[in-house]
A.B. asks: 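Questions regarding the structure given below will be posed in turn.
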Amino acid sequence: MPSKSSARLAALTVAAVCAATAAQWAVLTSPAHAESVRIHDIQGDTRISPYAGQQVTDVTGIVTGVRTYGSSRGFWIQDPNPDADPATSEGVFVFTGSTPQGVAVGDAVTVSGTVTEFVPGGTASGNQSLTEITRPTVTVVSRGNPVPAATGIDARSVPAAYAPAGDPAANGSVNALPLRPERYALDLYESLEGMNVRVSDARVVGATDPYTELWVTVKPWENRNLRGGTVYGSYDDRNTGRLQIQSLGRAADFPDANVGDTLAGTTAGPLDFNQFGGYTLVAGELGTLKGKDQRRESTRRQHTGELAIATYNVENLDPSDDTFAAHADAIVRNLKSPDIVSLEEIQDNNGSTDDGTVAADETMAELIDAIEAAGGPRYDWRSVDPADKADGGEPGGNIRQVFLFAPERVSFTDRAGGDATTPVDVTEVRGKAALTHSPGRIDPTSKAFENSRKPLAGEFVFRGRTVIVIANHFASKGGDQSLTSQYQPPSRGSETQRHLQAKAVHDFTAKILKTQKNAHVVSLGDINDFEFSRTTKILEGDGTLWSAVKSLPKSERYSYVYQGNSQVLDQILISPSIRRGGAFSYDSVHINAEFHDQISDHDPQILRFRP
């Protein structure tokens, strides 16, 4: 989940899946012909149809939903006379490719066509496949029939275990394993693929996004936090009650929901599987939105003797955006004007225009003016312009980290020489650790930071005490397999680069502390990884740093909401001299991630301590 481009990519819905190319259709057996079979025969008791690649004739069912948008157009049918095997689904999607003609919900039909396993996102994605009937010939037998009753999905029916371990002989794939819907949540959802399902009075755990989807939980008490979200606290506890909701209706009718709201009553429709959310209830019937009146949080103001340092990912901010006033208000009113703010995703002066521009002085001037207009201090700033197109992010945007600071409260120690490719080092000045360049970039030519943001180090003085701050924006989670992947446990290949980045920042911090044991060091930013991750453990090392978000109760540890999981991506790590005695306070200020009208996908974090 990079905070930006990957987060947007991950939010795309079936509309993007619809653009799948023909290469993303996987026919898993050689063409053959099967006489009339039932839907549960086609679905079988594993994730792959025993009839994949074969022609089937006169498959009967009742139409339960019709999808008329995008390229993935078609309709779902369900057999009203199920078999006795809970592992075999009674529903299947009929892919027509264009708007289905002459079929409506309640029609009894016979369908002949080819059974195909479609892998949303292509086989390289690792996603599970969706069993479909393609190139169909459809006959309407009768109209106005009762739709098969929706199968309820609730806290009692969804198992606590998420998924079986994959078959080692198949590189960890679960495709060939018999489904055990009574034991594993992913097996239960697969056993209902294509069927008419329902949830009742479901709490929203992922706010409505621009692509008209949201996430609910059917397990009201599963890792619940006080604001209504579902906290992701370990790789082993993936919150099995989460389910994505989309709609078969008009986008304009989809509710604008925040985390903590409820879809009251019944939400029902076919259970689909798509690239950017896995199992998805495509609702023909939507519950009524009951708002919780979720409020954006504000932290307390720092005391006179406290240094307040925050990190805030402002999501590709550039002068063409209309969010400057809102970001300024967040910094002044919700964060109470911190002394230092590490800003991530500041873009160059013309944003995504790819013309070689790398300077961000216009971007920063507009933000600083907006903060002052909102009643905040007149901030100053420091950064190092990246080399053009060398730091990843949106093409042409040249995102970077920036130090924003209040000069009447804290001073910046400028030491010339830091540029895009010159590494900052540590030296000793009058017995104290000091930076050779301030601001300066840590190891900017290292492979660890290839096509990724380089850490920015700066030296500040507060009430006569030096504080070294390191602003980070680690590599994104883009390319990782999803939690619903056919490979279990899913691969997290993006960790490799973050581990190298964490090692570089840890070693730089260790050099500071070797030079001055009691140095005050704060390393913060969008780490793009969890507080329990290996990335964080490498950053922390053997007591070199400590992630201060762990000072919060587990239910409060989150800065980002992804697929209904409230999770930590943004962190502030502190050196032993700050942690010693616990004389600090930490706050994750929830102003964005839980809201459908967010101005960033990240919540800012703030640390206060007395140097």
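This is a predicted model, so every value here is computed, not measured. Position 1 is the first residue of the sequence, and the numbers go up from there.
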A.B. asks: Quick one: do R492 and D529 make a salt bridge, cutoff under 4.0 Å?
C.D. replies: no
A.B. asks: Hey, are T131 and E117 close enough side-chain-wise for a donor-acceptor pair under 3.5 Å?
C.D. replies: yes
A.B. asks: Regarding T484 and Q128, do their side chains bring together a donor and an acceptor under 3.5 Å, going by distance alone?
C.D. replies: no
A.B. asks: Counting only N and O atoms by type, is there a donor-acceptor contact under 3.5 Å from the side chain of K503 to the main-chain atoms of L539?
C.D. replies: no
A.B. asks: So does N81 get a backbone contact from the side chain of D79, meaning a donor-acceptor N/O pair under 3.5 Å?
C.D. replies: yes
A.B. asks: Kindly say whether G206 contributes a backbone atom to a donor-acceptor pair with the side chain of R242 at under 3.5 angstrom?
C.D. replies: no
A.B. asks: Hey, are the side chains of H590 and S566 touching, using non-hydrogen atoms and a 4.5 Å cut-off?
C.D. replies: no
A.B. asks: Could R67 and F93 be counted as a cation-pi pair, given that NZ or CZ must be under 6.0 Å from the ring centre and within 45° of the axis?
C.D. replies: yes
A.B. asks: I'd like to know if R227 and E594 make a salt bridge, using a cut-off of under 4.0 Å between side-chain N and carboxylate O.
C.D. replies: yes
A.B. asks: Do W76 and V282 come within less than 4.5 Å of each other through their side chains, counting heavy atoms only?
C.D. replies: yes
A.B. asks: Just by distance, with hydrogens left out, do S559 and Q605 show a side-chain donor and acceptor under 3.5 Å apart?
C.D. replies: no
A.B. asks: Between E344 and T311, do the side chains contain an N or O donor and an N or O acceptor separated by less than 3.5 Å?
C.D. replies: yes
A.B. asks: Is a side-chain N or O of E213 found less than 3.5 angstrom from the main chain of I245, in a donor-acceptor match?
C.D. replies: no
A.B. asks: How close do P148 and N196 get, counting heavy atoms only, and between which atoms?
C.D. replies: O-ND2, 3.0 Å
A.B. asks: Taking only Lys NZ, Arg NE, NH1 and NH2, and the carboxylate oxygens of Asp or Glu, determine whether R400 and D391 approach each other closer than 4.0 Å.
C.D. replies: no
A.B. asks: With no hydrogens and no angle check, just 3.5 Å: does a side-chain donor-acceptor pair link Q486 and S173?
C.D. replies: yes
A.B. asks: Indicate whether any N or O donor in one side chain lies under 3.5 Å from an N or O acceptor in the other, for D237 and N223.
C.D. replies: yes
A.B. asks: Would you call E450 and K447 a salt bridge, using N to O less than 4.0 angstrom?
C.D. replies: yes
A.B. asks: Hey, does the side chain of N127 reach the backbone of P120 with a donor-acceptor pair shorter than 3.5 angstrom?
C.D. replies: yes
A.B. asks: Do E190 and Y279 meet the criterion of a side-chain donor-acceptor pair at a distance under 3.5 Å?
C.D. replies: yes
A.B. asks: Please determine, by modelled atom types, if S588 and D603 share a side-chain donor-acceptor pair under 3.5 angstrom.
C.D. replies: no
A.B. asks: Does a side-chain heavy-atom distance below 4.5 Å link V231 with K554?
C.D. replies: no
A.B. asks: Any luck finding a side-chain donor-acceptor pair between N274 and T280 under 3.5 Å?
C.D. replies: yes
A.B. asks: Heavy atoms, side chains only, cut-off 4.5 Å: are N472 and S523 in contact?
C.D. replies: yes
A.B. asks: Do Q246 side-chain atoms and T212 backbone N/O form a donor-acceptor pair below 3.5 Å?
C.D. replies: no
A.B. asks: Testing the 3.5 Å rule here: is there a donor-acceptor pair between the side chains of R203 and T217?
C.D. replies: no
A.B. asks: Could you report the tightest heavy-atom contact between V103 and F75, atom names first, then the distance?
C.D. replies: CG2-CD2, 3.9 Å
A.B. asks: Is a side-chain N or O of N398 found less than 3.5 angstrom from the main chain of Q347, in a donor-acceptor match?
C.D. replies: no
A.B. asks: Do Q501 and S452 have side-chain atoms, one donor and one acceptor, less than 3.5 Å apart?
C.D. replies: yes
A.B. asks: Looking only at side-chain N and O atoms, does S547 offer a donor or acceptor that is under 3.5 Å from a partner on Q571?
C.D. replies: yes
A.B. asks: Do the ring planes of Y235 and F530 sit parallel (below 30°), tilted (30 to 60°) or perpendicular (above 60°)?
C.D. replies: perpendicular
A.B. asks: Should E193 and L271 count as side-chain neighbours, where that means a heavy-atom distance under 4.5 Å?
C.D. replies: no
A.B. asks: Measure from the side-chain N and O atoms of D187 to the backbone N and O of R180, and report whether any donor-acceptor pair falls under 3.5 Å.
C.D. replies: yes
A.B. asks: For the residue pair F474 and V505, establish whether any side-chain heavy-atom pair is separated by less than 4.5 Å.
C.D. replies: yes
A.B. asks: Counting distance only, does the side-chain N/O of Q481 pair as donor-acceptor with the main-chain N or O of S491 below 3.5 Å?
C.D. replies: yes
A.B. asks: Could you tell me whether the side chain of T116 and the main chain of F118 form a donor-acceptor pair under 3.5 Å?
C.D. replies: no
